[in-house]
**Student:** 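Shown below is the structure under consideration.
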Amino acid sequence: AIISDASIICAGKESMMEGVQTLISEVCELFPDSPYIHKGGDEAKISVWNYCKHCRDYMAKHGIEDEYEMYSEFVGRVAKAVVDMGRIPIVWEGFPQKGVRYIPKETIVIAWETMYHMPYDLIAEGFKVINSSWVPMYIVPNPEPRFNWGINEILSWDVYNWQHWYEHSKAYLNPINVQPTEQVIGATLCLWECTFEQEISKCLNNLTAMAERVWNVSYAWSAQEFYNRARPTIHRIA
């Protein structure tokens, strides 16, 4: 059921869901106490589905207009499988608005790219959201100063704010801000393609600052005041 040139699941083969459900079941067994199952779902090369007979037939049979709508429909099928097993699905923002009706509202969405599906739309559609704004929530090995966000940037950010360095993101020139809402349930720090040595010291600093900002939406400390207070904790962890 794999289309080999794109390494993507053939979403049109209905028997494929049996394999997906088996995988989800095994993950549930590995993590018996976790209420959440993260199923990924971003950056899929869905254009290949247009050249797959099974996928074209599935779209025709179910009244799905195109591969974008099928992307959301497939995310919805997998999310429903997670829900049926008594867990809460988490997905990346990657699916488009088109076909969002297929995705169960129990699904928690990590909004990161602000390119595929905007956080304000996800909130309006009834989803709970985790903020993983590229700026300043990512730690990457790029040495350029514009990719090295630290305590200062995180302390000037808040959990209702999304920013991005990428020109194709809607948050590129102007940060996206949403009104405070209980649907934004927190934030996550992402580390990408780093060695342990590249990430560890920055992770400890950034993670501590992120926790401070998520727990304290209204914030008045300077970066130096914060670091003076946090330094014993950071050093103890390190």
Side-chain angles (χ1 to χ4, degrees), residues 31 33-38 40 42-43 90-94 108-116 118-120 122-123 128-238:
F31 302 97
D33 299 319
S34 173
Y36 307 103
I37 299 295
H38 195 316
D42 68 319
E43 299 185 315
I90 300 178
V91 301
W92 292 107
E93 163 210 322
I108 296 172
V109 184
I110 299 181
W112 64 292
E113 189 80 292
T114 51
M115 190 167 69
Y116 306 106
M118 296 304 102
Y120 45 78
L122 290 164
I123 290 167
K128 290 181 179 178
V129 173
I130 295 172
N131 186 325
S132 188
S133 172
W134 243 104
V135 180
M137 290 292 101
Y138 273 70
I139 295 174
V140 295
N142 195 313
E144 288 187 48
R146 70 189 182 106
F147 290 106
N148 283 274
W149 311 292
I151 286 176
N152 287 324
E153 290 79 12
I154 293 174
L155 293 181
S156 63
W157 161 92
D158 68 62
V159 75
Y160 304 113
N161 174 278
W162 279 263
Q163 305 169 43
H164 211 305
W165 56 269
Y166 187 41
E167 61 187 11
H168 295 292
S169 167
K170 289 191 177 180
Y172 171 57
L173 294 177
N174 298 297
I176 292 172
N177 291 283
V178 300
Q179 290 297 313
T181 169
E182 292 183 356
Q183 285 176 250
V184 178
I185 61 173
T188 184
L189 191 73
C190 295
L191 296 95
W192 193 250
E193 296 181 339
C194 295
T195 64
F196 177 81
E197 290 74 21
Q198 288 171 323
E199 74 183 34
I200 187 60
S201 61
K202 195 161 189 179
C203 175
L204 294 174
N205 282 283
N206 288 18
L207 185 61
T208 308
M210 185 196 79
E212 181 82 3
R213 290 302 284 116
V214 173
W215 291 333
N216 297 291
V217 176
S218 299
Y219 195 75
W221 296 94
S222 70
Q224 188 59 52
E225 289 170 322
F226 163 78
Y227 189 73
N228 289 341
R229 290 186 299 113
R231 182 162 40 194
T233 300
I234 294 170
H235 288 178
R236 191 177 299 119
I237 297 171

**Student:** Before giving the answer on side-chain contact (heavy atoms from CB on, under 4.5 Å), spell out for H164 and K170 the whole-Å C-alpha distance, their side-chain angles and the decisive distance to 0.1 Å.
**Tutor:** CA-CA 8 Å; H164 211 305; K170 289 191 177 180; over 6 Å; no
**Student:** Might you point out which heavy atoms bring A209 and I151 nearest each other, and give the distance in Å?
**Tutor:**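 Closest pair (atom of A209, atom of I151, distance): CB-CG1, 4.3 Å.
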**Student:** Nearest 0.5 Å please: distance from the CZ atom of R213 over to the CD1 atom of I154.
**Tutor:** 10.5 Å
**Student:** Can you find a pair of side-chain heavy atoms, one from I37 and one from I90, that are under 4.5 Å apart?
**Tutor:**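 Not touching, per the 4.5 Å side-chain cut-off.
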**Student:** Between W112 and Y116, how do the two ring planes meet: parallel, tilted or perpendicular, split at 30° and 60°?
**Tutor:**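 Rings of W112 and Y116: tilted, 30 to 60°.
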**Student:** If every non-hydrogen atom of M115 is compared with every non-hydrogen atom of M118, which pair is closest and at what distance?
**Tutor:** N-CE, 3.2 Å
**Student:** With a 3.5 Å distance limit and no angle check, can you tell me whether Q163 reaches the backbone of P175 through a side-chain donor-acceptor pair?
**Tutor:** no
**Student:** Using 30° and 60° as the class limits, which term best fits the ring planes of Y138 and W134: parallel, tilted or perpendicular?
**Tutor:** parallel
**Student:** Quick check against the 3.5 Å criterion: does W162 have a side-chain atom that pairs as donor or acceptor with the backbone of A111?
**Tutor:**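 Yes.
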**Student:** Pick from V140, N148, L189: which one makes a side chain to side chain contact (heavy atoms under 4.5 Å, CB included) with K202?
**Tutor:**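 Testing each of V140, N148, L189 against K202, the sole residue satisfying side chain to side chain contact (heavy atoms under 4.5 Å, CB included) is N148.
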**Student:** How close do T208 and L204 get, heavy atom to heavy atom, and via which atoms?
**Tutor:**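 For T208 and L204, the tightest heavy-atom pair comes out as OG1-O, 2.6 Å.
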**Student:** For Y36, does the OH atom sit with more than 12 other heavy atoms under 6.0 Å from it, leaving out its own atoms?
**Tutor:** no
**Student:** Is there a side-chain contact between H38 and W92 (heavy atoms, below 4.5 Å)?
**Tutor:**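 Answer yes - side chains close enough.
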**Student:** Can you name the nearest heavy-atom pair linking G186 to V159, along with the distance?
**Tutor:** O-CG2, 3.5 Å
**Student:** Would you give the length of the straight line joining atom CH2 of W157 to atom CE of M137, rounded to the nearest 0.5 angstrom?
**Tutor:** 4.0 Å
**Student:** To the nearest 0.5 Å, what is the distance between OH (Y120) and CG (L122)?
**Tutor:** 10.0 Å
**Student:** Check whether N161 reaches the backbone of N177 with its side chain - one donor and one acceptor, N or O, closer than 3.5 Å.
**Tutor:** no
**Student:** Between N131 and V184, is there a donor-acceptor pair closer than 3.5 Å when you use the side chain of the first and the backbone of the second?
**Tutor:** no
**Student:** How many angstroms lie between atom CG of N206 and atom CD1 of I139, to the nearest 0.5 angstrom?
**Tutor:**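 CD1 of I139 is found 4.5 Å from CG of N206.
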**Student:** By the side chain to side chain donor-acceptor pair (under 3.5 Å) test, which pairs, at least two apart or in different chains, include something from residues 179-196?
**Tutor:**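 For residues 179-196: T195-Q198.
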**Student:** Verify the distance criterion only: is there a donor paired with an acceptor across the side chains of N228 and R231 at less than 3.5 Å?
**Tutor:** yes
**Student:** What's the spacing between T114 OG1 and Y172 OH if we round to 0.5 Å?
**Tutor:**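 Reported to 0.5 Å precision, the distance equals 12.5 Å.
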**Student:** Between E93 (side chain only) and I110 (backbone N and O only), is there a donor and an acceptor less than 3.5 Å apart?
**Tutor:** no
**Student:** Under a 3.5 Å distance rule, please check whether D158 uses its side chain to pair with a backbone N or O of Y160 as donor and acceptor.
**Tutor:** yes
**Student:** Check the pair I123 / V129 against side-chain contact (heavy atoms from CB on, under 4.5 Å), numbers first and verdict last.
**Tutor:** CA-CA 7 Å; I123 290 167; V129 173; 4.0 Å; yes
**Student:** Counting N and O atoms only, with roles assigned by atom type, does the side chain of S156 sit under 3.5 Å from a partner on the main chain of E153, one being a donor and the other an acceptor?
**Tutor:** yes
**Student:** CH2 of W165 to CG of N142: how many Å apart, nearest 0.5 Å?
**Tutor:** 8.5 Å
